[in-house]
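The chain is numbered in sequence order, starting from 1. FYI, side chains are in, hydrogens and waters are out, and symmetry mates aren't considered; it's all heavy atoms of this structure.
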Amino acid sequence: MSQLTSIGSGGPVPPPAGVFTLTGNIDVGGGGPTPVPPNGLGNINIVGDNEITRVLDNAATNTLTIVNPSSSTDTATTVGFVPDFLLALDLGATPGVYEIEARVAAYEGTTPSGAGWKIFATVRTDGATATLIGVNNSIFFAEPAINTASAVAGVNVSGANSFDILIFGVAGLTINWKSTSFWTFVS
């Protein structure tokens with residue numbers, strides 16, 4: 001059985017019987033809203049811009065997966081005071097600017113303790129080299145075990161044209177990390 005979930009309702013919203021296509025909200029030429037058919041890969045573009053959102057339909061399992069191609073969810077685990085990467089975003093060959101927002105959560109189960117970061121960064125690429133224009137890590141909350149000088153979630157740009165979320169663990173602790181990142185690109 002297929003189900004749609006309404007944002008804010010928290011519960012399933014059954015689709016009307018016999019619905020096999022999505023209907024757009026644009027009235028073209030006065031003929032009413034136009035259908036939004038799947039492309040050759042079975043994707044249904046619900047926003048009109050592949051940089052924003054698209055739906056991947058799997059008829060075999062009756063599932064719709066909504067994805068944002070300009071986003072990433074990443075995980076890592078640090079054991080002790082070691083560095084790791086949550087995100088390594090290849091900036092590509094097209095010159096332009098990325099505005100990046102990342103939410104990072106950290107959890108340590110033995111104390112237990114948690115921490116969270118909100119990271120904002122702007123990066124320019126010439127197609128070969130990344131240049132950090134600016135970063136703001138001003139939103140940070142942590143409980144005492146993780147709130148040390150060594151527990152860090154920050155950004156790194158490399159000459160290899162990459163933007164990275166770099167993390168450092170805490171000596172004697174095993175920390176599980178997760179980030180959700182979104183970016184906007186213009187060239």
Side-chain angles (χ1 to χ4, degrees), residues 39 41-43 45-47 49-56 58 63-143 145-187:
N39 67 13
L41 300 174
N43 299 330
N45 182 349
I46 64 172
V47 177
D49 181 350
N50 281 331
E51 290 298 316
I52 299 173
T53 305
R54 67 178 180 253
V55 176
L56 306 174
N58 183 337
T63 59
L64 293 177
T65 304
I66 299 174
V67 297
N68 181 340
S70 296
S71 70
S72 180
T73 299
D74 303 283
T75 60
T77 299
T78 55
V79 180
F81 177 62
V82 295
D84 204 346
F85 292 99
L86 281 171
L87 171 71
L89 176 63
D90 179 3
L91 301 181
T94 304
V97 172
Y98 286 83
E99 176 58 36
I100 302 163
E101 176 184 332
R103 298 184 306 247
V104 178
Y107 177 73
E108 193 285 316
T110 60
T111 54
S113 274
W117 290 258
K118 188 86 168 213
I119 300 169
F120 303 93
T122 304
V123 180
R124 178 179 47 80
T125 178
D126 60 8
T129 304
T131 302
L132 183 62
I133 295 172
V135 64
N136 184 341
N137 289 344
S138 65
I139 302 173
F140 166 69
F141 302 102
E143 292 180 292
I146 295 179
N147 191 11
T148 69
S150 64
V152 174
V155 301
N156 178 60
V157 294
S158 69
N161 205 29
S162 178
F163 171 85
D164 311 312
I165 296 178
L166 179 64
I167 55 174
F168 281 90
V170 175
L173 298 179
T174 298
I175 301 175
N176 294 320
W177 302 79
K178 184 173 184 177
S179 69
T180 302
S181 307
F182 304 91
W183 54 89
T184 301
F185 175 73
V186 65
S187 61

Less than 4.5 Å apart, any side-chain heavy atom of [X] and any of [Y]?
X	Y	result
T75	N176	no
R103	K178	no
T94	F185	yes
T125	F163	no
T131	V157	no
D74	I165	no

Where do [X] and [Y] come nearest, in terms of heavy atoms and distance?
X	Y	answer
I167	A76	CD1-CB, 4.0 Å
P95	A93	CD-O, 3.4 Å
I146	A115	CG2-CB, 3.6 Å
L89	D164	N-OD1, 4.2 Å

Once you round to the nearest 0.5 Å, how far does [atom1] of [X] lie from [atom2] of [Y]?
X	Y	atom1	atom2	answer
L91	D126	CG	CG	10.0 Å
E101	N136	CD	CG	11.0 Å
T73	F182	OG1	CZ	6.5 Å

message: So for atom CZ, which belongs to F141, do other residues, nucleotides or ligands contribute more than 12 heavy atoms lying within a distance under 6.0 Å?
response: no
With distance as the sole test, does [X] use its side chain to make a donor-acceptor pair with the main-chain N or O of [Y] at under 3.5 Å?
X	Y	result
N161	D90	no
E108	T110	yes
E143	G114	yes

- line: Paired with V79, the side-chain contact (heavy atoms from CB on, under 4.5 Å) test is passed by just one of L173, I175, T174, namely T174
- prompt: Just one of W117, F168, F85 clears the ring pair (Phe, Tyr, Trp, His ring centres under 6.0 Å) bar with W177, so which one?
  reply: W117
query: So, T78 versus D84: side-chain donor-acceptor pair below 3.5 Å or not?
result: no
